[in-house]
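These numbers were taken from a predicted model, which means no experiment stands behind them.
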Amino acid sequence: MVLGRRLRQLRERAGVSYEQAARAVEVTALTVRRMEKAEVGLRIPYVRELLRTYGVPATELEDFLALAREANRPGWWHTYRDVLPDWFRVYVSLESEAAVIRLYEPQYVPGLLQTPDYAAALLRVGFPNASEEDLARRVSLRLRRQELLAEPEAPTLWAILEETVLRRPVGGPAVMRAQIDRLTEALGSPRVRIQIMRLAAGPHPGAYGPFHFFRFGFSELPDVVYTESLAGAQYLERPADVVTYLEVLDRMSVQAEPVDRTRDILAALREEL
């Protein structure tokens, strides 16, 4: 996505139209558009010729090609393609590159903070006909995603959870106690912030379903909002849409319990189990 946007910037700066760029590499203008939108892979011979057409110096050209080769290499999640839907691969990619992840979850603990037993219990419900081997693969994928939070350049994770998330029994009391312990442990990281939206808080502006907000460390990448349904997902990039969700998150963060109350709330809920 970053390189596609850089290609567009270079083309526009050079005053080259889509049609002119397409003729330079003997493809259609639509193909050039799709390259810039990261809808197709960046074929190195095409990229090299486009950069020459845009007047990019030889030294910068080679640096760009090196980045393009890196971008074309499959992500670690490629090995889980047997249990990773096409529509969710984009999510894992965005999650892996985000500098900030803010999210609202009304039903379940976010995948990045789930214990193996909690994840397995949810996946058994979501995939009732799956084999034990398949379920184990899905749990392994979820746990592999969590390694992101232990990396030196881990993103800031700010989650707002409905109180019902912690009261909904998933896998039994022992599983829930361990899951609450995992959330409490996560609070020890300076990069993790968890707020609880109490039932007593009443209605709030985000009560339409879960959504996740991503912000990146690249100026070329816009903020992205992710929402999902039973049949797939939607990725929103239009600034007006993203701002709407971001404003809702800000309002909800004021309405939810303060972060410094989360540890006490978790302890009290654990005592009830």
Hey, could you give me the [atom1]/[atom2] distance between [X] and [Y], rounded to the nearest 0.5 Å?
| X | Y | atom1 | atom2 | value |
| --- | --- | --- | --- | --- |
| Arg8 | Leu10 | CZ | CG | 11.0 Å |
| Asp181 | Arg270 | CG | CZ | 4.0 Å |
| Asp260 | Arg193 | CG | CZ | 10.5 Å |
| Leu122 | Leu135 | CG | CG | 11.5 Å |
| Glu185 | Thr115 | CD | OG1 | 11.0 Å |
| Leu51 | Leu61 | CG | CG | 4.5 Å |

If you compare all heavy atoms of [X] against all heavy atoms of [Y], which two are closest, and at what distance to 0.1 Å?
| X | Y | answer |
| --- | --- | --- |
| Leu148 | Pro155 | CG-CD, 3.7 Å |
| Tyr235 | Tyr91 | OH-N, 3.0 Å |
| Met176 | Leu166 | CE-O, 3.5 Å |
| Leu3 | Ala71 | CD1-CB, 3.9 Å |
| Glu19 | Ala29 | OE2-CB, 4.2 Å |
| Pro110 | Glu105 | CG-CG, 4.0 Å |

- Query: Around Glu228, counting heavy atoms of other residues, nucleotides and ligands shown, do more than 12 lie under 6.0 Å from its CD?
  - Reply: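 Yes, CD of Glu228 has more than 12 neighbouring heavy atoms, counting only those of other groups under 6.0 Å.
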
- Message: Please check if the number of heavy atoms outside Arg43 that lie under 6.0 Å from its CZ is greater than 12.
- Response: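 Counting other residues, nucleotides and ligands, CZ of Arg43 stays at 12 neighbours or fewer.
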
Ignoring hydrogens and angles, tell me if any N or O in the side chain of [X] forms a donor-acceptor pair with the backbone of [Y] under 3.5 Å.
| X | Y | value |
| --- | --- | --- |
| Arg145 | Val92 | no |
| Arg81 | His78 | yes |
| Ser253 | Asp250 | yes |
| Gln20 | Ser17 | yes |
| Thr184 | Ile180 | yes |

- Item | side chain to side chain contact (heavy atoms under 4.5 Å, CB included) evaluation trace for Gln114 with Gln146 | CA-CA 9 Å; Gln114 292 177 5; Gln146 294 179 6; 4.1 Å; yes

- Does Arg11 make a cation-pi contact with Tyr18, if we ask for NZ or CZ under 6.0 Å from the ring centre and within 45° of the axis?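 Positive - Arg11 is close enough to the ring of Tyr18 and near enough to its axis.
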
Within the structure provided, determine whether [X] and [Y] are in side-chain contact (heavy-atom separation under 4.5 Å).
| X | Y | value |
| --- | --- | --- |
| Leu112 | Ile101 | yes |
| Arg144 | Trp77 | no |
| Met197 | Pro106 | no |
| Leu50 | Met35 | yes |
| Ile194 | Leu161 | yes |
| Arg261 | Asp264 | yes |
| Val170 | Gln179 | no |
| Tyr108 | Tyr118 | yes |

- Item | Evaluation steps, side chain to side chain contact (heavy atoms under 4.5 Å, CB included), between Leu187 and Leu183 | CA-CA 7 Å; Leu187 290 172; Leu183 293 175; 6.0 Å; no

- Item | Criterion side chain to side chain contact (heavy atoms under 4.5 Å, CB included) on Leu269 and Ile196, from CA distance to verdict | CA-CA 11 Å; Leu269 290 171; Ile196 309 300; 5.5 Å; no

Salt bridge check, [Y] against [X]: does any charged N sit closer than 4.0 Å to a carboxylate O?
| X | Y | answer |
| --- | --- | --- |
| Asp134 | Arg137 | no |
| Arg5 | Glu237 | yes |
| Glu36 | Arg33 | no |
| Glu49 | Arg23 | no |
| Arg102 | Asp223 | no |

Should [X] and [Y] be counted in the same cluster of Ile, Leu, Val, Met, Phe, Trp and Tyr side chains packed under 4.5 Å apart?
| X | Y | result |
| --- | --- | --- |
| Val259 | Val165 | no |
| Trp87 | Val224 | yes |
| Val2 | Val56 | no |
| Leu141 | Tyr226 | yes |
| Val100 | Leu103 | no |

- Give me the ring orientation class for Phe216 and Phe214: parallel if the planes are under 30° apart, tilted from 30 to 60°, perpendicular past 60°.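 Plane angle under 30°, so parallel.
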
- Message: Exactly one of Phe211, Tyr104, Tyr208 should register a ring-ring contact (aromatic ring centres under 6.0 Å, His included) with Tyr245. Which one does?
- Response: Phe211

- Query: Should Gln195 and Glu257 be marked as a side chain to side chain contact (heavy atoms under 4.5 Å, CB included) after you check the CA-CA gap, both sets of side-chain angles, and the distance that decides it?
  - Reply: CA-CA 6 Å; Gln195 290 183 266; Glu257 292 292 322; 5.9 Å; no

- Begin from the C-alpha positions of Thr31 and Thr28 and carry the test side chain to side chain donor-acceptor pair (under 3.5 Å) through to its verdict. CA-CA 5 Å; Thr31 298; Thr28 65; 3.1 Å; yes

- Item | Option passing side chain to side chain donor-acceptor pair (under 3.5 Å) with His204 (candidates Gln255, Arg251, Glu162) |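 Exactly one option meets the side chain to side chain donor-acceptor pair (under 3.5 Å) with His204, and it is Glu162.
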
